[in-house]
Structure formats: C-alpha cells, structure tokens
Amino acid sequence: MIIVDQEARDAILYEKGSIVISASAGSGKTTIMIKKLKKVLEEINNHKTVAAITFTTKATEEIKKKAILEGVKKEFFAQTNDSFVEYEIIRPFITDTYGPEFQSDFTIDYDFKFHDFESGKISLVEQEKLGVFYDIKENFKFRLALDILKNNTAARQYLQSKYEMIFLDEYQDSDLDMHELFMYLKEVLGIKLFIVGDPKQAIYIWRGAQPNIFEKLDSDDFKHYELVMNFRSHDEIVNYANLLHNTKYFNNQYSEKVKRVVHCKLKDFTSSFSRLVYEGEIDPDKEITIIINYNNDARECAERLNEQGYNFQFIPRTPIDDNTPNNHLLYQLACYVIDNNFSIYDLIENINVDSRRQMVRRVEVILKKLKGNLKCDQETFCSTLIELEKLLEIKFTKDEMNLLYETVKEDQYHIAFKKIEDKYKVMTVFGSKGLEFSQVISFSRFYKVHIGEGYQNHYVCITRAKDKFIMVDDSNSYEEHIVSHSYRLGMSKTYNLFKSVDMLSE
Amino acid sequence: MELKKLIVKNFRNFGSVEIQLTNQNVIFGMNDVGKTNLLYALRFLLDRQIRKDGFRDSDFFQKNTNLEIEITLEIDLSNNENKDSQHVISKVRGSRKQQDLEKFYIQVKGIYDESEYFGAPTLYWGSVFEELEEVPQTGLISDLDRLFKVVYIDPIINLENTFSRNRKKLFDQRRLSEDDIVLSNEIQDLTDGMNEKISEMEVIQDFQNILTEEYKNLKKEEIKIEMKSEMAINGYFSDLTPYIKRDGDEKHYPTSGDGRKKILAYSLLNYLTKEYESNKIVIYLIEEPENSLHRSMQIALSKQLFENEVYDYFFLSTHSSELLYEMDNASLIRIYNKDRVNCASHIYHVDEDYKSLKQELNRSLSTALFADKVLLIEGPSERVLFEKVLEETNPTYELEGGYILEVDGIKFKPYYKVLKALEIITIVKTDNDLKAKSNEKTHFDLIGFNRCLELVEMTKKEFVEIDYSSIDENGKKVWLGSNKERLVKEEKKDIYETEEETIKTLESKDIYLSEIDLEHDLYEAIGDRMKEILKSSTPIEYLQRAKMLNMLKLTQDLTATDCSTIIEHDLFKALKRLVD
C-alpha cells in the first residue's frame, strides 16, 4: 500500500513545536497521537510530563489502552477536558484566586443554570455549586478556569512547570471557551499543543462546538499537517467520501469500474434487500450495518427485515446517548442494571472507582434495588442514585436521572446495553461514531447535501464502511448533486465513482 | 531551588532550634551532641522508610510525649527558571498561594498516641506557613516521596555490601543487548565446561570420594558429594568483583584498603542515584565520611562534595577540617551544648576579595570551627610566645576546646564573622598600629584601633596629626625617622589612655588592643627578664629586629614563673580569656 501522506506522518514525529492535524476518518489519528506522545515523553529528561485530553471517558480509556500497546512506559495524564480544568485548575486554585468564601469542595450541578458569569461565580459562594449557562453554546466551567489562570500566578506556574506538551483529541468538538483556554496555555504559558481532529466530523455544532474552529488555529506558530490516508475503508469508498468532503484529494483519474460504492434505486428497501444479497451486492457472511437516523424508522426497518427471516438487531439511540456530563457513568450503570451478565466488578472496573472490596460491596448494596429490577418505580430509582452520588462523590443532573430511568424502563432500549454478537445491525449515525463495519447501508433522504444539510453526518456515515458502501437513493436531488460535483472536479464517467443498481424495474 | 531553613521542635535532644541552610550544609559539634539526630529530623521529614516506623516515645524531647514534634524545612523557589524549583511547583499544585510564591514549607508533625505507643507522622506543605495543607497520600507513598529522594550514607559504608545489595540493579538482565545475550549464553557454556574440568581433576575427585565416604560412615544415605564452582550455581554475575587497574599497568589490584573501597562505594551510589532516581530531587545525608580516609582522600572527597553537581543538595556531618577545604556558599551548622542543646548556623560565603585565597582561608578556618574558643592573633611571633606561655601554664588548653588561629595576611574580619556567628567564643589580640596616609605624611590613621572597632561595628576614629618635622642647624625643615618613631609611640600611649572607655567596651567583647604592640606589652610584663635572657639593654628593639627568630630565642629560656607572670598581666588578658 502506498501511504500518500507518509511524509506528513514522519514530519509530525520530528516536529518540535505546536502541531495541528486535520485527520480524516480512518486515518489513524489516535495512533499518530500516541506515537508522538511516546516520543515526546521519551525525550523529556526532567520531571515534566504530558497530558492527553479527550471529550469522553471512553476516549480516555482508549488512549490509555493504546498507550500500553504502543509501549509507552512513562506515566502521563489522560483525562477528559472537563476533569482537566476541574482538577488541575479550578479546585486547586479557586480559593487562592477569589478568596476564602470560594471553597474548593463545591459540587457540580449541571441543572443549576444562570445567565452570566458573575451569577455563576456568586452561586459558587452561595450554593457551593458549579453550574452552567442557560445558553448551551457557552461554557461556564472553561470560562471560570481561564479567569482563574489569568488571575493566579501560582496556577500559571504550576501548569508551566508540569506540562511539556498537551495533546487534544477531537478538537472539532471544542467550543469557543475551550478554544480560548487552550490558546492561552499555548500563547501565554508557552505550553506546546498537539491538536488533532477532523473538521468534517463536527457533529456537535448544535451544542456549541465551533464550526470553523480549525480555521481559528491558522497562526504561524502552529505547524499544520493533514492526514488523509484512510486505512479503514477501501480506496473507492475513500474517493467517494473525498468528492464532497476532501475535494483536494479527490482522484478524478480513477479508471477502474467502481464496485465498492453503490447507488441503488428501489421501490421498497425491505423487499429489495434479498435481491441485493442474491445479486452479490451484499455479502451475508460479513457484517452489515444499516444507518438510519430516526429511531422509529430504524426499528421498523429491522422488524420488517426480520419478518423475512433475517436477524437484524436494532441498536436504538437511547435517551442517555446525548452527551451529558456523566454520560459514561450512566452508560455503565444502564449496562449493570439491564444486562445480567454485567457484574459488579465489570461496573467498578469501567467506572474507575476504588476497587477495594469494601467499596465494591458498598456499591453493590446500594444498587441491589435496581439490578435486574426493570419495573422499579421512579422514586426508588432516583433515591438509589442519590445514595450512589454520596458514596462516589459525584452529582447527576435531574435530567440525567430521568433519562436513565426512561432508558431502563423502556424495553426497546435494552438491546443497546447488552453485549451482542449479531453481525446485522440497524443504528443511528450518532451511535456509529468511532465504530467501523464491513458493509454499510444508508439512505440519501437523511443527507440533504445539495442544500448544505447533514454534511458531517454524510461523511461519518460513509467512512464507517470498510469494504462496501450502499446508498439507497430515495431522494430526488442526491445523485444529481453527486454527479454534477464529480463533473466539476473533472471526472467524466460516473461508473468511476459509484456503481448504479436499478431495482425499480422488475 | 534553595534550602533556606530547618526548624526542629521537640524532637529528640532538640527543644527548639532554627537553622539557616543553603544547598550545601555542614554539621559539626562535639560527640553525642546531636548531629545524627539532626540528620534524623531530615530523614523523618523526607524519607518514607524512616517515617513509616512512626515516632517512638524516645523521639520526643525529654521523652515528653505531651509535646508535639514538628520538623519544618523551608525552601526558596524564587528562581523559577531553576529545574528543581519547577519540579517542586509541578508537584504541589494548589498548595502554593499567590501571597507568597517564593517560599515553600514542608513539614512533618507527630502527636503521640498513648494507646498505640506510637506517634503517627503527618505531612504538610504549602507556601504560607500558617496555612499548610496536608500532603496528598496514596497508601504509604505521599506526593512528597515522589518529589524527594534521600540518600543516606552512613560512616561505615561498605563496598562489598553496597555492591552486592545492588548487584541486581547494576547488572539488570533485562537490559542485555542481543549481542550480550549471545555472549551470556557462551559464558554459561564455558562455566559448565570449567566445572567439568574441575571435576576431572584427581585431587578434586579424591577429595570428593573421601568426603562422601566420611559422610556415609555417619549417615547411611545414597548421596554423592561434588565440588562446584560458585559461578555455575549462582550465575556468573554473582562472581564479579570490582578491581582497580592503573593506567599503563597491566596488573589488577584488589580494591583493598578501606579508603579506596569507600571512594568506590561512593562512586557506586552516585551511579545508582543518577540511573534510578533521575526523576526526583536527591538530597544526600552523609554522616562522618572521614572515617578510615587518609587526609589526602578527605581533601579529594571535599572537592567532590562541594563541586560535583551530583551533590547539589547535601547535609554533611563531620569532625574533619580537611573535608571543609573546598567549601563556599555552604551553611555551617554548629551544634553545641550550653544550658541545653542549641544550634548556631552561618552561611559561609567566601567574599570576592578572598576568592583567590579560598583554600588558605578555609584551611585555617576549618580547624578553628571545631573549637569552642578561638584566639585570633596577627602573626608568628605572637604564636611562638603564646604557645610557650600556654604550654607552661595550661598545657591541655586545646583539649578543652581552645585554639589559636593566626590570621596573617587575611585580616581578622572574615574569621571573626564566621566564628562569632557560630557562637564560638572569639578573642582578638592586635597591635595598636598607626599608619601615615600616603598623601599626607603628618596624618596618621588609627589602623589598629579601627580594626577593633570595625569588628564590632563601632564608628571608626578620625586620623591624628603628628608633625614630626624639626628645624636643623641651617634653619631648614627636616623629617627625621627617629622623631617620628618617638612621637608615634607617644601618640599610641596617648590614645590607649584617652580611649580607655572604648577599650574597656572592646575588651568586654573579647577584643584586646595592645598599648603599643606585642613587644612593648611583653616588656611591661617581664622587662627585666627580657634584658637578662636577651642580654640586651634595649630588648624591645632587639626583638623587633628579627621578630620571630628572636622571639624563639626568648621563649626558650622563659620559666614557668615568667609564663604565669605574663598570663596574669593586664596586657595579656586575651590569653587569660582563652583558658578561663
């Protein structure tokens, strides 16, 4: 395999300063990040260290695991961006910055809302709570952390003395307040940054992620690199994705007749499915994942396929899929309550609490009322969670409790929390993020790319596929948009871009 | 990072002491006065291994377990470019407050628990002394232990033990390169071969048979006794011993001799510390390393300690003046016992003016440091006389802590400052010198008197005017040396008389000015005996012609009575003070 961006990959490792990497889906961004992290750590000959900062606990765990596989021997910090600012800046330095009325043992309460920064500070004193802004696009925690840094020399010296470089993953999901804090670390404190992300995968703009965040990094003291080589998907799938999302790398000279990307016109998907299998477009021996963006449509699709004798598992978008503060913990709790094979030890290990026996026992006693009891009333459910809050010194929001209750109560969501071996799945694009499947099928009606909607979802959906991508074209303008775009980029034959399968005629 | 201060309260024989520190600290004092205890205070603070045993009742001052032990180390972080300062800052997180970013305190406290017969040590740190925070701890290891490593080197550090205890670390099998692994296997084959050859030897076989037979006579058992080389059983690493090979000499010399072994053990520890503790700030606690080291080895070690960057931070307890030859910017910590054990400390810094004389200065000073009372004198003729007088009147004065230090070219001040700061009784004896200004020959500075005033920071005196001109027979103004000598002498006497009050004050501070000079003082005491012994009617002039030589001549014939007359004389109070 010729790795078209090998030069960039080598240069990243030898670059001395701050780095920004736009990494396309499947290009191995976590791998290059760990490789760089390992090299930086090995070159440090003093007490300094590095931090790897991610958006979710899941991603943090993945980094820790990968670091062990890559042979990283020295200790480093891997944490979520929320816990980074909380435990490295806010809690240690808040009292010293604002005075003794600001105690460091406040609770985090994401239900507690206010309109402006000063009210947020007052509530830290009066309610001893760290809350959030009403406006979901503004980030109080990061704004507070930056204010503390600006007003506390000890805090600045602490971070400066400790960190050689900070690694930031999934930067496209950063909001403006996060961005400002990270830029302060680089510009004022002189801490080098390693930023990696994929602007094309920014699917969290609705909750404050800055659409143009990578453009904001366009300063001289960053070295920019681009990783486009997709190790996951077949070249034909990569080229198809590049057409709209990575125009620069679109290969208009591709001269093979494309087999891996299919545009399929049909009357009714479920009835045409067997024909797709029969004609060899779908290999029933490999994984098949159908991506449908609405729960009801998706469930119905699975049901109807199963009526025909297939075994499709609908993985619903559950109420707790939204990225809430304790998202990871909620997921693990749901697994523990719903899945009988998920033991207390699995839970303890996955939520990273003190695994001493006594603690395990205490968590188990508290959760006894919930384990397997899916018909528990809401009051008991919430009071149990409150007990757990006290033990683990955490704070759920009211929304989170309700969402978790809803998730446990509704049978339809349970499948999302059980380990399934099934090869055939139906899921939403949000659920598929970070995953990969051999064959992916989706529907063009979800991606109104001709009017600039669903762009990022479109990209994420295509790049999940390793071997085959089938787009069922059930909208009028989709194919037209694709074809006219490929002409504009100098590709004259559409069969060099996708294969057309017409099942409208019998 | 700079060590600033150590405060020890209610620990062992220290009720309450506060000691100024720098990064290189020398602790000295009489035996059993508490040098080891002071090092222990640091070990309780910084060494997890010592701390884990907790405080026993005997660790409390006067065994009073109602008291609270408190050991505090103050460090200075004002140079935050320094890598160790940064290291501290990076580990202490929010324990530093904006209010004081330069200082940082580390503290251990111990409160005795009667029911447990034990005082659990609790660690604190922070930049504001009144608001120290508990040091985060996971299990037995605290964040402090991740920051500092104490390397304690005891006086009987032993090469064999140090080597065998660390053999595993030194020859870490996991670090073998691929080539080494091949070689290692070959060595294994060779040792097997060697053992085979050994067992083929007749003398060995005979011996094995005899031994086996003897054994069977005592106990019937189907066994056979075989002789094997240690190497085959425990691996060849177990057999390695360090040897010394001189450059240009093919032979290997055993590292016998305690001195050489000791130096080698130090080298080993240095290596191990560099290799395995590179991520911690290492503080060396070195106890009386001079034991079994030849003087020249001690001087070499002194150079190592004060100049090798491995020893950035150390506390050295010693009785050896040789170990102090290279010191500069060191804190001298003298532990002494007056009513109760106390510590005096002084940050010794060789002034720019004396840099070139560092060794000479240190050499004479370092011996004086180990005394309780020091008499500072100007030159060799004083020494000759005073030693003779003391030999006759107080022959054991040195054993009792007295010491005479000749300041010679270096002047009194640098010695006086250091000794005084260390609470060593410091006596000064100096001549009442006058000196004409270079630009005005009738203006005379009171350099002797001023020397004394300067030591105790009193205002210096203005010059005096002595016009020693006279008119010769031709009516011409002339400047005669003999005139000058006479007038200057009269002036000195005059000063001594009119400044009586000030001179009394100086004497109360152990600073003694001669009326004129040593020879005149002596004449006042034993004038007739001087004439007699030196067979001269003008013995002062005779002595001054060849100061030391003629003084030697004089002292040879001084009797015990002469000597006690001298020491009892008012002009020799300085000498009396040394032995009272």
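Per chain, numbering begins at 1; letters A, B, ... match sequence-line order. For clarity, every value in this text was computed on a predicted model and none was experimentally measured.
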Pair A/N46-B/H87, side chain to side chain contact (heavy atoms under 4.5 Å, CB included): steps then yes or no: CA-CA 8 Å; A/N46 57 22; B/H87 194 171; over 6 Å; no

Intermediate values then yes/no, side chain to side chain contact (heavy atoms under 4.5 Å, CB included), A/Q160 and B/Q86: CA-CA 8 Å; A/Q160 255 170 340; B/Q86 289 192 4; over 6 Å; no

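Contact count against chain A (heavy-atom pairs under 4.5 Å) is highest for B/G94 among B/S85, B/S95, B/G94. Heavy-atom pairs under 4.5 Å with chain B peak, among A/N151, A/T95, A/I89, at A/N151. Among A/A155, A/S104, A/P92, the residue making the largest number of heavy-atom pairs under 4.5 Å with chain B is A/P92.
Heavy atoms from other residues, nucleotides or ligands lying under 6.0 Å from CZ of A/R362 number 12 at most. For B/Y117, the OH atom is loosely surrounded, since the number of other residues' heavy atoms within 6.0 Å does not exceed 12. Remark: A/K35 NZ is loosely packed, at most 12 non-hydrogen atoms of other residues, nucleotides or ligands lying under 6.0 Å away. Within a 6.0 Å sphere centred on CD of B/E307, other residues, nucleotides and ligands contribute more than 12 heavy atoms. Other residues, nucleotides and ligands place no more than 12 heavy atoms under 6.0 Å from the CD atom of A/E75. More than 12 heavy atoms of other residues, nucleotides or ligands sit less than 6.0 Å from atom NZ of A/K74. In A/K65, the NZ atom is not crowded: 12 or fewer heavy atoms of neighbouring residues, nucleotides or ligands sit closer than 6.0 Å.
For B/K97, the parts lying near chain A are the backbone and the side chain together; criterion is any non-hydrogen pair under 4.5 Å.
Taking the side chain as every heavy atom from C-beta outward, A/K162 and B/R93 approach each other to under 4.5 Å.
Summarising the geometry, atom CG belonging to B/N279 is positioned 8.5 Å from atom NE2 belonging to A/H47; distances are rounded to the nearest 0.5 Å. Note that the NZ atom of B/K83 and the OG atom of A/S161 stand 13.5 Å from one another [nearest 0.5 Å].
The shortest non-hydrogen separation linking A/T153 to B/Q98 is N-OE1, 2.7 Å.
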